[in-house]
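Only one structure is covered here, and it is reproduced in the block below.
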Amino acid sequence: MSETNSAAASEVAAPHRYTAALAADIEARWQDFWDADGTYEAPNPSGDMAARDEAEAALVAKPKKFIMDMFPYPSGAGLHVGHPLGYIATDVFARFQRMTGHNVLHTLGFDAFGLPAEQYAVQTGTHPRVSTEANIENMKSQLRALGLGHDKRRSFATIDPEYYKWTQWIFVQIFNSWYDTDAAKARPIADLVAQFESGERAVPDSTRAWSELDAAERAEVLSQYRLAYASDAPVNWCPGLGTVLANEEVTADGRSERGNFPVFKAKLRQWNMRITAYADRLLDDLDALDWPEAIKLQQRNWIGRSEGARVRFPVGIEGDAITVFTTRQDTLFGATYMVLAPEHDLVDKVIPDAWPEGTHETWTGGHATPAEAIAKYRAFAAAKSDVERQADAKEKTGVFTGVYATNPVSGEQVPVFIADYVLMGYGTGAIMAVPAHDSRDFAFARAFNLPMRCVVEPSDDRGTDPRAWDDAFSSYEAKLINSANQEISLDGMDVAGAKARITGWLATRGIGEGTVNFRLRDWLFSRQRYWGEPFPIVYDEDGVAHALPESMLPLELPEVDDYSPRTFDPDDANTSPETPLSRNEDWVNVTLDLGDGPRTYRRETNTMPNWAGSCWYELRYLDPRNDQQLVDPAVEQYWMGPREGQPTGGVDLYVGGAEHAVLHLLYARFWSKILFDLGHISSAEPFHKLYNQGMIQAYVYRDSRGFPVPATEVEERDGTFFFEGEPVKRELGKMGKSLKNAVTPDEICDEYGADTLRLYEMAMGPLDVSRPWDTRAVVGQYRLLQRLWRLIVDEATGEVTVADVAEADIDESTLRALHKAIDGVRQDLDGMRFNTAIAKITELNNHLTKVGGAVPRSVAERLVLLIAPLAPHIAEELWRKLGHTDSVVHQDFPVADPAYVVDESVTCVVQIKGKVKARLEVSPSISDAELEKVALADERVVAALDGAGIRKVIVRAPKLVNIVPA
Ligand code: ANZ
C-alpha cells in the first residue's frame with residue numbers, strides 16, 4: 001500500500017484522529033473566537049480601556065504582568081521559523097501568568113521606519129508606506145496563525161502618525177529641557193532661562209548679562225544646555241552617495257563601503273541628544289535591574305566610566321598648556337613624552353617653523369619642517385577608522401611636533417608627538433606617555449628611542465631598568481619609586497595612595513584636578529533620510545530653532561518625488577548633504593504663528609534615526625489611543641510603576657536578541673529617565689527584567705564553489721550530503737533567504753498545525769541557548785498531541801472517552817504522576833524552562849497511555865490545563881469537548897497536592913560492623929547528615945550499640961548507613 005493510501009485508509013477508520021487537517025480546523029476556529037471574544041484584551045484601571053464588566057474589573061484588581069517582545073521590523077521577506085521563538089516563549093509565559101492570577105498585558109507592534117523600505121522605494125518608486133504596510137499585513141497574518149494571545153487593540157506601527165506624533169512630542173520635551181547637575185535631573189529649559197534672567201546664573205563664557213544678548217545669542221547659549229541640541233559635529237561626508245556615513249561604513253582607506261567613493265571628514269550641523277548627562281544614572285540604575293550580567297557589563301563598558309585626573313603640562317611661551325586625561329596620575333614622574341591626537345587644535349597653534357637643533361630623523365619622518373611632517377601624518381591618520389586606530393597593533397606610528405612641554409612634577413622638558421593611537425574623541429585628545437607602565441607607550445618609545453623611567457617597582461624579577469624589559473610593567477599592587485621632588489614624594493606608596501596624594505597636590509597648585517571621564521558620546525540624532533520621523537523643529541530668519549507646539553503635531557512626512565538624497569561629484573569635498581525632504585519647497589518654507597504672530601520659517605529637513613521609534617513604545621502599548629496625553633498617569637502607574645523588588649518600575653519581562661545589548665536598550669533607558677524627571681511617567685527604567693533568547697540556527701549546504709544550495713533539495717546518504725548528485729558540505733549557520741535554508745512557520749503549520757510548531761520550538765532546548773532547526777524532528781511533538789487527543793477523544797466516533805471517577809478512586813500511581821507533573825510544570829513555566837515542562841507533560845501523557853482504559857475526567861482536565869499555555873488551540877478544543885463553555889485561557893492553573901509530590905520512600909539498610917541491624921523507610925532525597933541522624937536515633941540501632949561509643953559512620957544516602965563502634 002502506498003503511503004497516501006494508508007493515510008486515506010486510516011482517515012476512514014479514524015475520522016476523528018488529530019491530523020494536520022483537524023488541527024487547521026481547530027486552530028482557525030479558535031483564532032476567530034479569540035478575536036471576536038477579545039479573550040486577550042487586558043483592561044486598564046481607567047480611560048477608554050477601563051474594565052467593561054465585572055470579570056474585567058476583577059482582572060484589574062489582580063496583580064499585573066506586562067510581558068513584552070522586542071518588536072519586529074516588517075521585512076519584505078516575512079517570517080521564518082527563527083523569528084517567532086521569542087514571541088512563542090513570551091506567549092506561553094503570558095498565558096501561564098493569566099492562569100496564575102494576573103492581569104496580563106501582552107501585545108506586539110511594528111518598528112516600521114528604516115532603510116530597507118526606503119531603498120526599495122528608491123529602486124521601485126513604491127512609496128515606503130505602501131510596501132511597509134503590505135509587509136505588516138503579511139506578518140500579522142503569519143503571527144495570527146501561531147495563536148499568539150495578543151491584545152490586538154494595543155498594536156500599532158511606529159510609522160502611524162498617531163504614534164509618531166508622540167515621538168515628536170517627546171523630542172520637543174527633550175529639546176525644552178536641560179540637565180541640572182545640582183539636582184541630578186532634567187528640568188524645563190524655562191527654569192534655566194529664569195536663572196539667567198534673574199542673574200542667579202551667569203551667562204557662560206561671556207561678560208554680558210542675559211538681557212544684553214540678542215535672540216540668536218541666547219539660543220546659542222541655551223543649546224549648550226538643551227538635552228536635544230544642534231551642533232557642528234565632525235561626520236563622515238560622502239558626496240558620491242550624498243549622505244553621511246557611520247564609522248563602520250567607511251573602509252580603511254577612507255572610502256565608502258558601499259560604492260567605494262571618497263569620504264571626507266566634514267563638520268555639519270546635526271542634532272544630538274545629550275545622553276552623556278545621564279552617564280552616571282545609566283550606570284547606577286543597572287544595579288536595580290534584573291538583566292543578564294553580560295548585557296549589564298556591555299552597557300557598563302559602553303558608558304565606560306574612568307576615574308582619573310586632568311593634568312596640565314606647560315608648553316610654549318604664552319602660558320599655553322597641554323591638558324591630558326590620565327587614569328594613572330600616580331605615574332606622573334614617569335611621563336617622559338606626550339602625544340596629541342593628530343586632529344588636536346593645539347597642534348596648529350604651537351608648531352615651530354623649523355625642527356629644533358639636532359632633531360633625529362626617526363622623529364621627523366624625513367620631512368623638512370614640522371608643518372610638512374604633520375600635514376603628511378594627518379592625511380595618513382585620517383584614512384583610518386577609530387576602531388583601527390585603537391587596534392592593539394605593536395607597530396606604533398607618529399611624528400614629532402617640534403615642541404617640548406614641561407612635566408609639572410619632574411620639571412623635565414618632554415617632547416610632544418602626534419600619533420594616531422591617541423584619539424581625539426576621548427578624554428582631552430592628549431596623553432602623558434608613561435612608557436615603563438603602559439604597553440602602547442612602551443611600543444612607541446621603543447620605536448622612537450624615547451626615554452623610559454620606572455616609577456612603579458616591578459614585583460617580578462625584571463629589575464628597574466625598562467630598557468631591559470620586553471613590555472611595560474602594569475600593576476595596582478606594587479609600590480611607587482623614583483617619584484619625588486623637593487615638595488612631594490610618592491615613594492613607597494601603593495598606587496591608590498599615590499593617586500590620591502598627587503591629585504590633591506596638583507589641585508592645590510592649580511596644575512590639575514581629579515575627574516571622571518566617560519567613553520559614552522552624545523547621540524548623533526540626524527539622518528539624511530526620507531523614511532523616518534520629521535523633526536518638529538522650524539528655523540526663523542536668524543537660524544534660531546523653534547519647537548512646534550503640540551497643536552501642530554504630528555508633523556507628517558510630505559510626499560516627495562524622489563526618496564534618495566542628492567548625490568554630488570564624488571571628489572568635491574565642498575558640498576553638503578541635500579536631504580529628500582529639502583526638495584519639497586512648499587513643505588519646507590512655511591508661515592506659522594508660534595505665539596508672536598505669523599512669521600516665515602524653514603523646516604528642519606533631516607529625519608530622526610531608526611532608534612527613535614523604539615525608545616518609548618512600551619508606553620504606547622499602555623494607552624494606545626490616547627491623543628490627549630503621552631499616557632494616562634494612572635494607567636502608566638498601574639502597569640509600569642515601581643513595585644516591591646522593582647524600585648525603578650518597568651516592564652515585567654522583556655524578551656529579545658542579545659544583539660540589542662547596547663544601543664536600543666541604552667537609548668530607551670535614556671528617554672525613560674528624561675520623561676521620569678519631567679514627571680510624565682513614574683518608572684525611571686523601561687524594562688525591569690530582560691531575557692535574551694537564543695537563536696534558531698539552520699544547516700547551510702554549500703557546493704564545491706562555496707555557494708549555498710537549497711537546503712530542502714539536499715539528500716543525505718550515509719552521513720554525506722548531495723545536491724543534484726554532487727556532494728555538498730554542511731555547516732551550521734543563520735537561517736535566511738540568502739543561505740537558501742529558510743523554513744517558514746506557514747509550511748510547518750500546514751504540515752502539522754501551529755500547536756505542534758509551538759511545542760517544537762519550545763522543546764528544542766533551553767530558551768537562552770541557540771539550537772539548530774530540524775524539520776524532521778517536528779513530528780515528535782505532533783505525536784505528543786495525537787496521543788493527548790486520543791486519551792480524551794475516540795478517534796472513530798469523536799466522542800469524549802473520559803470516565804467520571806471520584807478522586808479517591810483514582811489509581812495512586814496516576815495521582816502521583818499527575819501531581820508530580822503539575823508541580824514540575826508549574827515551576828518550569830514560572831522559570832521559563834519550557835523544554836523541561838514539555839518533557840514532564842510528555843511523561844504524564846505516556847503514563848496515562850500505558851495505564852490504559854478511560855482516563856479519569858479530573859485527570860484529563862488537569863492535563864489539558866497543563867498544556868494550555870503551550871498548545872492553546874488543542875487545549876481550548878478539548879476543554880470544550882470536556883463540557884466547559886468558557887475559554888481555557890482564564891482558568892486557574894492546576895495546583896499540586898504535596899502529599900502526592902513527595903517521593904515514595906526507599907529502604908535504607910543500617911549496619912553495625914557490617915551486620916544488618918535495621919531497615920528504615922526514608923525519602924529518596926534524604927541528605928547524608930539527615931540519614932545519619934535518623935539511623936543513630938533508631939531504637940534498634942541504639943539497642944544494638946548498647947552504649948558503646950561510635951568510631952565512624954559511613955553514610956551512602958539514601959540506601960546505606962554503616963556504623964563502626966569504638
Ligand atoms: C598615563 C598612563 C600611565 C595611562 C599608565 C595608562 C597607564 P581608560 O581606562 O580607557 O579611561 N588615554 C587617555 N586619553 C586617550 C586618548 N584620547 N586616546 C588614547 N589613549 C588615551 O584609559 C585611560 C588611559 O588611556 C589614560 O591613562 C591615558 O593613558 C590613555 F601606566 O595616562 B594613561
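Counting convention: from 1, in listed order, for ligands and their atoms alike. From a predicted model like this one, the values you see are computed outputs, not experimental measurements.
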Could you go step by step and tell me if Arg300 and Asp287 meet the salt bridge (charged side-chain N to carboxylate O under 4.0 Å, His left out) rule? CA-CA 11 Å; Arg300 287 195 184 104; Asp287 295 338; 3.2 Å; yes

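Remark: distances from the non-hydrogen atoms of Arg440 to ligand 1 include one below 4.0 Å. Close to ligand 1: Ser306, with a non-hydrogen atom less than 4.0 angstrom away. Ligand 1 lies out of reach of Met424, whose nearest heavy atom is not under 4.0 Å from it. Using a 4.0 Å heavy-atom cutoff, Asn517 is absent from the residues neighbouring ligand 1.
The shortest distance between side-chain heavy atoms of Leu289 and Glu685 falls below 4.5 Å. With contacts defined as side-chain heavy-atom distances shorter than 4.5 Å, the pair Lys499/Arg328 qualifies. Side-chain contact between Val263 and Phe261 is absent, with no heavy atoms from C-beta onward closer than 4.5 Å. Two residues are said to be in side-chain contact when any heavy atoms from C-beta on lie closer than 4.5 Å; Val235 and Lys267 fail this criterion. Side-chain contact between Arg187 and Asp677 is absent, with no heavy-atom pair separated by less than 4.5 Å.
With hydrogens left out, the protein atom closest to atom 18 (N) of ligand 1 is Leu423 N, 3.0 Å, a heavy atom. The closest protein non-hydrogen atom to atom 24 (C) of ligand 1 is Thr327 OG1, 3.7 Å. Residue, atom and distance of the protein heavy atom nearest to atom 15 (C) of ligand 1 are Ile431 CG2, 3.5 Å. At the shortest separation from atom 19 (C) of ligand 1 among protein heavy atoms lies Tyr421 O, 3.3 Å. Closest to atom 6 (C) of ligand 1 among all protein heavy atoms lies Asp438 OD2, 3.3 Å. The protein non-hydrogen atom at the shortest distance from atom 1 (C) of ligand 1 is Thr326 OG1, 3.1 Å. Among protein heavy atoms, atom 10 (O) of ligand 1 sits closest to Arg519 NH2, 2.7 Å.
Ligand 1 has no nitrogen or oxygen under 3.5 angstrom from a nitrogen or oxygen of His437. Where the criterion is an N or O separation shorter than 3.5 Å, residue side chain and backbone included, Val422 fails it with respect to ligand 1. Residue-to-ligand polar distances keep Asp441 apart from ligand 1: every N/O pair is separated by 3.5 Å or more.
Panel note: side chain Trp355, backbone Ala368; a donor-acceptor pair is recorded below 3.5 Å.
Side-chain N/O atoms of Ser231 and Asn272 include a donor and acceptor closer than 3.5 Å. Counting only N and O atoms by type, the side chains of Asp441 and Tyr421 include a donor and acceptor under 3.5 Å apart.
Atoms of ligand 1 found under 4.0 Å from any heavy atom of Thr331, numbered from 1 in the order shown, are 3 (C). Interface atoms of ligand 1 facing Met432, defined by a heavy-atom separation under 4.0 Å, are 1 (C), 32 (O). Of all atoms in ligand 1, numbered sequentially from 1 with element shown, those under 4.0 Å from a heavy atom of Phe325 are 11 (O), 13 (C), 26 (C), 28 (C).
Between Asp285 and Lys673, at least one side-chain N (NZ, or NE/NH1/NH2) sits under 4.0 Å from a carboxylate O, which counts as a salt bridge. Checked for salt-bridge contact, Asp290 and Lys689 meet the test: a charged N lies under 4.0 Å from a carboxylate O.
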